[in-house]
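What follows is a set of notes on a single structure, which appears directly below.
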Amino acid sequence: MANRTIAGTVRKDGTIISGAEFSVEKTNRGEYVVSFRPAFSNVHGGSATQIYEGKDGSTLDNVVLRVLNVNNAIVATGGHKGDLNDRDFTFVFNGS
């Protein structure tokens, strides 16, 4: 089976800025479900990064992948105090 990459950028309200083959549901403050369309047969890996424009962004503001499977990823974004907080983010997932 051929490798496939899904990449995108998401606004803090859950709106898709760019990318294809996925949907996003904002399920809670700072929590998003990225669903792969279609699902992967196998997921090889992925990463997500917060987009914090401006010079006030802290390196402690970050993203955590809470779940990564063939159907979706649950992405949590937060502030520098460790709290869940709505943030723009970008991601790349790879699988077959």
Side-chain angles (χ1 to χ4, degrees):
M1 213 172 253
N3 276 340
R4 184 170 131 233
T5 299
I6 297 176
T9 303
V10 178
R11 290 192 202 288
K12 64 184 175 183
D13 66 1
T15 303
I16 296 171
I17 298 171
S18 65
E21 295 188 47
F22 69 94
S23 63
V24 176
E25 179 185 3
K26 184 176 182 295
T27 55
N28 203 343
R29 181 178 175 167
E31 188 172 85
Y32 309 84
V33 177
V34 178
S35 298
F36 311 129
R37 306 275 185 237
F40 288 107
S41 297
N42 294 295
V43 67
H44 304 306
S47 65
T49 302
Q50 187 178 131
I51 301 170
Y52 198 111
E53 294 188 21
K55 63 182 180 179
D56 295 331
S58 168
T59 57
L60 299 175
D61 292 285
N62 218 327
V63 173
V64 173
L65 294 177
R66 290 190 166 165
V67 171
L68 178 57
N69 61 46
V70 296
N71 296 304
N72 58 46
I74 297 178
V75 175
T77 61
H80 68 279
K81 294 181 181 177
D83 56 329
L84 286 173
N85 219 316
D86 297 343
R87 297 283 197 261
D88 297 346
F89 64 95
T90 186
F91 65 83
V92 177
F93 297 107
N94 185 270
S96 54

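Values in this document were obtained by computation on a predicted structure and should not be read as measured data. The first residue in the sequence is number 1, and the count goes up from there.
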Could you grab the distance from atom CG of Leu84 to atom CG of Asn28, nearest 0.5 Å is fine?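 Between atom CG of Leu84 and atom CG of Asn28 there are 7.0 Å.
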Mind checking the CG-OG1 spacing from Asn62 to Thr49? Nearest 0.5 Å is all I need.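 Answer for the CG-OG1 pair, Asn62 versus Thr49, is 7.5 Å.
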Do you know the tightest heavy-atom contact between [X] and [Y]?
| X | Y | value |
| --- | --- | --- |
| Asn71 | Asn69 | N-OD1, 2.8 Å |
| Phe36 | Leu68 | CZ-CD1, 4.2 Å |
| Asp86 | Gly30 | OD1-N, 2.6 Å |
| Gly46 | Leu65 | O-CD1, 3.9 Å |
| Val92 | Ala7 | CG2-CB, 4.0 Å |

Identified side chain to side chain contact (heavy atoms under 4.5 Å, CB included) counterpart of Val75 within the set Val10, Val64, Val63: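 Of the listed options, the one satisfying the test is Val63.
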Test side chain to side chain donor-acceptor pair (under 3.5 Å) applied to Gln50 - qualifying residues, sequence neighbours left out: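 In terms of side chain to side chain donor-acceptor pair (under 3.5 Å), with neighbours along the sequence ignored, Gln50 is linked to Arg87.
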Side chain to side chain donor-acceptor pair (under 3.5 Å) partners of Glu21, counting only residues at least two apart: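 Glu21 satisfies side chain to side chain donor-acceptor pair (under 3.5 Å) with Arg4 once adjacent residues are dropped.
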Does Val67 sit in a hydrophobic cluster with other residues, and if so which ones, taking ILVMFWY side chains as linked at heavy-atom separations under 4.5 Å, directly or through other members?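 Members alongside Val67: Val33, Ile74.
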Using the ring-ring contact (aromatic ring centres under 6.0 Å, His included) rule, collect all pairs that involve residues 56-82, keeping only residues at least two apart or in two chains.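 As it turns out, there is no ring-ring contact (aromatic ring centres under 6.0 Å, His included) pair with a partner in residues 56-82 once direct neighbours are skipped.
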Does Lys12, at its NZ atom, have more than 12 non-hydrogen atoms belonging to other residues, nucleotides or ligands within less than 6.0 Å?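 Count not over threshold, so no.
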Side-chain donor/acceptor of Thr90 to backbone N/O of Gly8, under 3.5 Å: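 A pair under 3.5 Å: yes.
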Would you say the side-chain atoms of Asn72 pair up with the backbone N or O of Val34, donor to acceptor, closer than 3.5 Å?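 Checking the backbone N and O of Val34 against the side chain of Asn72, no donor-acceptor pair under 3.5 Å is found.
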Among all residues two or more places apart in sequence or in another chain, which pass the ring pair (Phe, Tyr, Trp, His ring centres under 6.0 Å) test with Phe91?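 Here the qualifying residues are Phe22, Phe93.
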Pairs meeting criterion side chain to side chain donor-acceptor pair (under 3.5 Å) with involvement of residues 29-45, two or more places apart: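 Residue pairs with at least one partner in residues 29-45: Asn3-His44, Ser23-Arg37, Thr27-Glu31, Arg29-Asn85, Glu31-Arg66.
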